[in-house]
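Notes to accompany the following structure.
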Amino acid sequence: QLQAYGGGLAQAGGSLSVSCTDQGRTLNFYGVGWFRQAPGKEREFVAGSSLGGRRTAYADSVRGRFTISRDNAKNTVHLQMNNLKPEDTATYYCAARPGDWRTGPGDYDYWGRGTQVTVSS
């Protein structure tokens with residue numbers, strides 16, 4: 001079962017990280033995506049890591065500020081978030097699917113519970 005953790009509260013310009021692990025699946029065999037959802041908004045793609053982590057992708061809004069990475073020894077996928085902005089405030093979710101990452105939430109088979117990220121101005 002996927003589980004996201006981390007996040008918290010930061011000031012604008014600061015950094016936070018969120019992580020995702022799974023008790024039953026080896027995440028390196030899955031494409032993993034990070035999504036976020038702010039109140040009243042649709043869930044949106046943030047970053048993706050291909051099966052094996054060879055390729056990554058980012059939404060335009062976070063490219064250059066966020067980094068997705070894998071720690072296979074810990075069966076964990078991290079999202080490092082730097083230079084945070086108030087508009088990054090949202091609940092962040094990790095998701096996994098067989099094969100490569102996708103940007104659509106409907107393309108993922110497995111979801112973890114979200115973790116909150118709040119950025120103050």
Side-chain angles (χ1 to χ4, degrees):
Q1 183 175 359
L2 281 171
Q3 183 175 0
Y5 58 95
L9 176 65
Q11 292 186 332
S15 298
L16 287 170
S17 66
V18 290
S19 300
C20 178
T21 190
D22 196 305
Q23 299 296 329
R25 301 178 190 87
T26 302
L27 290 179
N28 199 40
F29 296 158
Y30 292 80
V32 174
W34 279 101
F35 292 78
R36 66 187 181 187
Q37 188 166 17
K41 295 188 177 181
E42 294 185 352
R43 191 167 297 188
E44 63 174 359
F45 173 80
V46 175
S49 174
S50 66
L51 185 153
R54 288 167 290 181
R55 297 182 302 276
T56 58
Y58 299 92
D60 290 343
S61 59
V62 306
R63 187 175 292 111
R65 300 188 297 120
F66 289 14
T67 302
I68 187 171
S69 62
R70 292 179 183 257
D71 184 340
N72 293 331
K74 296 182 179 179
N75 198 33
T76 301
V77 179
H78 300 289
L79 183 68
Q80 176 66 39
M81 303 177 288
N82 298 328
N83 190 21
L84 284 162
K85 302 177 180 181
E87 51 264 42
D88 294 319
T89 296
T91 301
Y92 283 69
Y93 299 88
C94 64
R97 66 183 303 278
D100 212 348
W101 57 270
R102 293 287 187 272
T103 60
D107 292 321
Y108 286 80
D109 299 302
Y110 311 106
W111 288 86
R113 291 186 178 181
T115 185
Q116 181 66 33
V117 170
T118 303
V119 184
S120 62
S121 58

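In this text the structure is predicted, and so the values were computed from the model without any measurement. Computed from heavy atoms alone, side chains included, the values below leave out hydrogens, waters and symmetry copies.
Remark: side-chain polar atoms of Asp71 are not paired, donor with acceptor, to backbone N or O of Thr76 under 3.5 angstrom. Between the Thr115 side chain and the Gly6 main chain, a donor and an acceptor come within less than 3.5 Å of each other.
Remark: aromatic rings of Trp34 and Phe66 are distant, center separation not under 6.0 Å.
For the atom pair Ser121 OG and Gln11 CD, the distance stands at 9.5 Å (nearest 0.5 Å). Interatomic distance, OG of Ser19 versus CG of Leu79, reported as 8.5 Å (0.5 Å rounding). Note: His78 NE2 to Thr67 OG1 = 12.0 Å, rounded to the nearest 0.5 Å. In this structure, the separation between CD on Gln80 and CG on Leu16 is 8.5 Å, given to the nearest 0.5 Å.
Annotation for Ala10 and Ser15: closest pair CB-O, 4.3 Å, computed over non-hydrogen atoms. Closest non-hydrogen pair, Thr91 versus Gln116, comes out as OG1-OE1, 2.9 Å. Nearest approach of Ala96 to Leu2, heavy atoms of both residues: N-CD1, 3.7 Å.
Looking at Thr21, Asp22, Asn28 one by one, the single match for side chain to side chain contact (heavy atoms under 4.5 Å, CB included) with Arg25 turns out to be Asp22.
Applying the salt bridge (charged side-chain N to carboxylate O under 4.0 Å, His left out) test to Asp60 and every residue at least two apart in sequence or in another chain returns Arg63. In this structure, the salt bridge (charged side-chain N to carboxylate O under 4.0 Å, His left out) partners of Arg55, at least two apart in sequence or on a different chain, are Asp100.
When only modelled atom types and interatomic distance are considered, Arg36 and Tyr92 share a side-chain donor-acceptor pair under 3.5 Å.
Ring orientation note: the planes of Phe45 and Phe35 are nearly perpendicular, at an angle over 60° on the 30°/60° scale.
Cluster partners of Leu9 are absent, since no Ile, Leu, Val, Met, Phe, Trp or Tyr has side-chain heavy atoms less than 4.5 Å from it.
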